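Within every chain, numbering begins at 1; the chains are lettered A, B, ... in the order of the sequence lines, protein sequences first and strands thereafter. Just so you know, these numbers come straight off a predicted model, no measurement behind them.
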2 protein chains.
Amino acid sequence: MIAAMDRSTDPGPPRGGPVLQDSVTAAITSAFFEELAAVGYGRLSMEAVARRAGSGKAALYRRWPSKEAMTVDLVVQVSVRAADTPDTGTLRGDVLAFLTATDQALRHPLVSRILPDLLASAAYHPAIAAALGEEIGTARRRKVGAILRRAVERGELPEDADVDLGLDFMAGPLYWRTAIRRAPAGPDRIERLTDMIIAALGA
Amino acid sequence: MIAAMDRSTDPGPPRGGPVLQDSVTAAITSAFFEELAAVGYGRLSMEAVARRAGSGKAALYRRWPSKEAMTVDLVVQVSVRAADTPDTGTLRGDVLAFLTATDQALRHPLVSRILPDLLASAAYHPAIAAALGEEIGTARRRKVGAILRRAVERGELPEDADVDLGLDFMAGPLYWRTAIRRAPAGPDRIERLTDMIIAALGA
DNA sequence: ACGAGACGGAACGGTACCGTCTCGCCACCT
DNA sequence: AGGTGGCGAGACGGTACCGTTCCGTCTCGT
């Protein structure tokens with residue numbers, strides 16, 4: 001999810017191979033996310049993306065019919081890479097791993113600028129809301145749901161643990177802290193956050 | 001905080017009094033928040049605000065030098081009204097009151113559209129970040145800090161309760177649920193949320 | 001009665017994007 | 001070798017805002 005946003009990690013095609021189409025698409029993709037981080041979705045212009053990508057506008061319109069379609073396509077494409085967190089054997093291990101991975105993603109400078117903007121833009125653009133809900137929301141719910149279910153099976157959580165609110169605890173505090181308050185959480189904060197979330201889940 | 005955003009609750013000046021300046025300002029204020037909810041800060045134009053307010057653009061520029069200044073001024077002005085939550089005598093009562101008030105604010109259709117957008121815009125506009133941090137962030141931290149401090153004094157929370165992370169728990173889950181997931185929380189959910197937050201605070 | 005000043009409205013020149021289209025160029029595939 | 005097609009560049013007409021300036025009107029305070 002991160003690498004695709006990072007132009008410096010995009011070495012282009014290995015060598016002399018089938019270059020053209022792919023390198024242009026990669027340049028446009030990088031430019032899109034950089035521009036998104038620079039001005040936000042509302043002020044994102046196709047012209048600026050093309051300019052930043054060093055391409056013509058036609059190269060964009062040849063691939064996507066509109067800014068919204070481009071956004072949905074690229075965001076979905078980049079979100080797919082989010083891997084499942086493994087079963088560590090304990091609830092605390094699972095939660096800690098999930099939070100650490102989430103924190104790492106939220107710390108990425110492009111992500112931390114882009115994600116709140118896209119989440120807010122979702123209120124104005126149903127297509128974006130659908131894409132985010134589908135690709136990010138559903139995936140996250142599935143992961144967290146699996147973690148909580150395993151914990152119930154192990155007897156670490158009561159049978160009637162509130163999974164619905166548990167989802168909000170697994171995402172809310174860390175997102176609020178990192179993306180909204182912009183107060184980065186060190187490893188010790190993540191540990192403590194883990195303990196507090198587990199206490200909340202057991203209530 | 002809410003009433004000022006609601007055009008229908010603005011009856012204008014009582015009668016024949018000193019009308020001009022104030023009623024125009026009120027119309028502009030309403031139009032600003034409506035427009036903000038309609039298109040977001042990034043695409044908000046002074047021209048559209050004036051159009052919606054039924055005024056000339058000069059009326060806006062006579063009051064504020066720029067869109068950013070107008071936004072900061074109006075947002076601050078509207079945020080001031082947020083009242084302190086009273087001391088209910090118990091931690092649970094205080095938390096429940098705070099969450100209920102927060103939930104009520106977040107349920108307001110204009111607030112739920114505007115707030116995420118402004119919080120995201122803060123990443124691009126330092127002046128907005130400063131205004132939100134000062135008027136909303138500081139006020140919220142003061143309130144929650146007082147609640148937690150009282151609880152420690154009562155012996156309801158351990159002396160070493162983590163106030164810093166506690167702030168994130170008091171805001172994060174509810175904000176995530178209501179403003180991001182857009183899954184409204186009924187009174188029973190707020191009750192349960194309260195219990196879970198208290199468990200987290202005690203960890 | 002009168003001047004001051006805010007009002008809605010409209011126009012100004014300038015800038016930015018839109019989405020389309022046309023160039024000439026160059027790399028690919030027969 | 002020649003044709004196909006994506007490429008960067010950028011012109012095109014059209015729309016939207018910018019911030020300013022000018023109208024003529026209306027309501028104040030004096």
Nearest whole Å is fine: how far is [N] [atom2] from [X] [atom1]?
X: A:Trp64; N: C:dC18; atom1: CH2; atom2: P; result: 14 Å
X: B:Leu60; N: D:dC17; atom1: CG; atom2: C1'; result: 13 Å
X: A:Met70; N: C:dC18; atom1: CE; atom2: P; result: 9 Å
X: A:Met46; N: C:dT20; atom1: CE; atom2: C1'; result: 13 Å
X: B:Arg52; N: C:dG8; atom1: CZ; atom2: C1'; result: 18 Å
X: B:Ile28; N: C:dG8; atom1: CD1; atom2: P; result: 7 Å
X: B:Tyr61; N: D:dG19; atom1: OH; atom2: P; result: 3 Å
X: A:Leu44; N: C:dA16; atom1: CG; atom2: P; result: 16 Å

In terms of the angle between their ring planes, are A:Phe169 and B:Phe169 parallel, tilted or perpendicular, with boundaries placed at 30° and 60°?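 A:Phe169 vs B:Phe169 ring planes: tilted.
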
N-O pairing of B:Arg154 and B:Asp87 below 4.0 Å: yes

Would you say that B:Thr71 contacts B:Leu118 through its side chain, given a criterion of any heavy-atom pair below 4.5 Å between the two side chains? yes

Between B:Lys67 and B:Arg62, the residue closer to the 5' end of DNA chain D by nearest nucleotide is B:Lys67

Once side-chain contact (heavy atoms from CB on, under 4.5 Å) is applied, do any residues pair with A:Arg43, and if so which ones, sequence neighbours excluded? A:Val39, B:Lys67

5' precedence on DNA chain C between B:Ser55 and A:Ala58 (nearest-nucleotide basis):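 The answer here is B:Ser55.
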
Which residue lies toward the 5' end of DNA chain C, B:Gly56 or A:Glu47, if each is placed at its nearest nucleotide?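 On the 5' side of the pair lies B:Gly56.
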
Would you mind telling me which of D:dT20, C:dC18, D:dG8 lies closest to the side-chain atoms of A:Val24?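 Of D:dT20, C:dC18, D:dG8, D:dG8 is nearest to the side chain of A:Val24.
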
In terms of side-chain heavy atoms of B:Ser45, which of C:dA6, D:dC18, C:dC18 is nearest?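 Of C:dA6, D:dC18, C:dC18, D:dC18 is nearest to the side chain of B:Ser45.
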
Would the base of C:dG9 count as contacting B:Lys57 through its side chain, where contact means a donor and an acceptor less than 3.5 Å apart?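 Check fails, no donor-acceptor contact within cut-off.
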
Worked check of salt bridge (charged side-chain N to carboxylate O under 4.0 Å, His left out) between A:Arg92 and A:Asp195: CA-CA 8 Å; A:Arg92 190 173 194 286; A:Asp195 293 329; 2.8 Å; yes

Which part of the nucleic acid does A:Arg51 contact within heavy-atom distance under 4.0 Å: base, sugar-phosphate only, or nothing?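 Since only primed, P, OP1 and OP2 atoms lie under 4.0 Å of A:Arg51, the category is sugar-phosphate.
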
